[in-house]
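So the structure is just underneath, and the comments pick up after that.
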Amino acid sequence: MKIAFWSSVRGGDAGVTTNTACMAAMMTFYSGNKNMLLENHYSLRNIGDILLSPDRIECLREQGHYYHKYGMEHLLKELHSGNLGHKVVRQTAIPLLFDNLFYLPQSYIVNHDVFEYEFELVRKSLFQCLEDFSDILFIDTETNRNLSSAGILSEADIVVVNLIQNPEMIADFFENYHMGREKMLFLIGKYQQEHAWNLRRICYRFHIPRERIGVVPYHMELEEAMWNGRLLQFLNRNSSGKTDKETGYLMRQLKYGSAMLHNQIHILRSQKG
């Protein structure tokens with residue numbers, strides 16, 4: 001099962017990376033699935049930066065220490081050589097929540113364009129290998145000008161479109177991007193309740209069924225946890241027990257978003273028999 005997170009909005013305004021990590025974590029907390037996180041692109045701030053402490057990131061990026069034996073680049077090299085199997089994936093991925101959530105890190109040891117080219121060359125065999133290893137792939141997909149993005153969006157079982165509270169940008173998406181509404185779900189990143197274009201108004205204006213859209217509210221503590229590589233700890237600490245009003249609202253919305261995904265996965269699996 002492949003779930004691609006994508007936005008037509010460039011930059012980090014839609015919170016694609018944050019939303020991908022949050023949904024993967026929440027679905028891992030509340031299910032026994034084995035899930036995998038990865039990106040199809042290099043970025044200044046990636047999934048690893050918000051899930052792993054700065055010390056660990058620095059250690060992982062030491063050339064000759066970690067990434068020459070592990071990580072996405074090593075896995076691509078192995079696939080080019082025809083080496084497949086669970087052992088190769090387990091060697092290249094970082095376990096985040098025991099054996100339930102894994103992340104394929106990146107080293108930035110090759111040129112941006114070279115990475116994209118090599119990724120696209122083995123994309124199908126890569127995803128087949130990862131789907132054999134895990135139940136669900138959560139893919140942070142680059143917006144535009146990426147060799148593999150179009151293929152990923154076309155082949156994904158679910159595409160989570162990340163929106164911002166801007167009616168012009170949302171209208172632009174519906175006018176210019178056609179991926180098949182039946183497999184699209186929506187998340188509004190960095191959501192603010194007091195904004196004129198709130199969830200209810202967006203649903204009404206753009207005819208989005210309420211059961212196919214969720215929000216990830218803006219939350220200062222969440223932002224701080226991300227910058228310190230402690231997103232998982234923040235979510236785990238607040239997923240049960242008492243929280244303040246703002247944090248409680250955030251966690252309820254994250255649970256709703258993960259339930260929305262879970263329901264869609266259940267529907268798709270039922271349709272496949």
Side-chain angles (χ1 to χ4, degrees), residues 1-27 35-51 72 103-104 106 112 115-116 119-120 123-124 126-127 130-131 134 136-191 199 202-203 206 208-209 212-216 226 231 253-254 257-258 260-265 268:
M1 180 72 68
K2 296 188 289 291
I3 304 178
F5 287 71
W6 177 88
S7 177
S8 61
V9 181
R10 295 186 181 183
D13 292 341
V16 177
T17 300
T18 302
N19 298 347
T20 306
C22 284
M23 290 299 105
M26 296 299 290
M27 290 189 68
N35 300 325
M36 177 72 73
L37 277 160
L38 68 150
E39 300 113 331
N40 73 327
H41 59 281
Y42 283 163
S43 61
L44 292 176
R45 189 158 186 80
N46 63 18
I47 292 172
D49 291 310
I50 66 178
L51 296 181
M72 175 68 82
Y103 170 59
L104 269 177
Q106 301 170 344
H112 176 278
F115 175 82
E116 288 188 7
F119 188 101
E120 174 59 15
R123 173 172 52 82
K124 292 192 176 183
L126 170 66
F127 286 144
L130 295 178
E131 285 187 280
S134 57
I136 304 173
L137 303 183
F138 292 84
I139 311 160
D140 178 354
T141 310
E142 190 170 43
T143 302
N144 292 311
R145 299 178 182 177
N146 186 296
L147 291 172
S148 63
S149 287
I152 291 171
L153 295 175
S154 174
E155 296 166 8
D157 299 284
I158 299 171
V159 176
V160 179
V161 179
N162 296 262
L163 306 173
I164 63 173
Q165 290 172 275
N166 181 315
E168 293 180 358
M169 297 299 294
I170 299 175
D172 177 75
F173 163 73
F174 284 113
E175 289 171 6
N176 296 295
Y177 296 91
H178 307 282
M179 290 179 283
R181 289 282 291 259
E182 70 281 351
K183 73 174 183 178
M184 287 193 297
L185 298 176
F186 302 89
L187 280 177
I188 304 175
K190 301 182 180 180
Y191 179 74
L199 177 61
I202 288 172
C203 287
F206 297 101
I208 302 174
R212 301 187 73 86
I213 185 170
V215 303
V216 178
M226 288 164 43
L231 179 65
Q253 296 306 317
L254 292 180
S258 63
M260 176 178 70
L261 278 172
H262 178 80
N263 291 339
Q264 186 65 14
I265 290 170
L268 290 174

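Remark: the backbone N or O of E168 is not paired with any side-chain donor or acceptor of D172 at under 3.5 angstrom. Put simply, the side chain of R212 gets close to the backbone of E182: a donor and an acceptor are under 3.5 Å apart.
A donor-acceptor contact under 3.5 angstrom links the side chains of D140 and T17, judged on distance only.
Between Q264 and K183 the shortest side-chain heavy-atom distance does not fall below 4.5 Å. I139 places a side-chain heavy atom less than 4.5 Å from the side chain of F127. Under the 4.5 Å side-chain criterion, counting only non-hydrogen atoms from C-beta, H112 is in contact with E116. N162 is not listed as a side-chain neighbour of T20, based on a closest heavy-atom distance of 4.5 Å or more. No side-chain heavy atom of Y191 sits under 4.5 Å from any side-chain heavy atom of Q253. The shortest side-chain heavy-atom distance between L185 and I213 does not fall under the 4.5 Å cut-off.
A salt bridge is defined here as a Lys NZ or Arg NE, NH1 or NH2 lying under 4.0 Å from an Asp or Glu carboxylate O, and K2 with E131 meets this definition.
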(message) Between L261 and V160, is the side chain to side chain contact (heavy atoms under 4.5 Å, CB included) condition met? List the steps.
(response) CA-CA 9 Å; L261 278 172; V160 179; 3.8 Å; yes
(request) Step by step, work out the side chain to side chain contact (heavy atoms under 4.5 Å, CB included) result for M72 and F119. (result) CA-CA 9 Å; M72 175 68 82; F119 188 101; 3.9 Å; yes
(request) Please assess W6 against I152 for the test side chain to side chain contact (heavy atoms under 4.5 Å, CB included), listing each intermediate value before the final yes or no. (result) CA-CA 10 Å; W6 177 88; I152 291 171; over 6 Å; no
(message) Is there a side chain to side chain contact (heavy atoms under 4.5 Å, CB included) between S149 and T143? Walk through the geometry before answering.
(response) CA-CA 7 Å; S149 287; T143 302; over 6 Å; no
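Minimum heavy-atom separation, Q106 to Y42: OE1-CD2, 3.4 Å. Between L38 and I47, the shortest heavy-atom contact is O-CD1, 4.0 Å. Scanning both residues, S134 and M36, for their nearest heavy atoms gives OG-CB, 3.7 Å. Taking each heavy atom of E39 and N46 in turn, the nearest pair found is OE2-CB, 2.9 Å.
For the atom pair CZ (F186) and OG (S7), the distance works out to 11.5 Å, reported to the nearest 0.5 Å.
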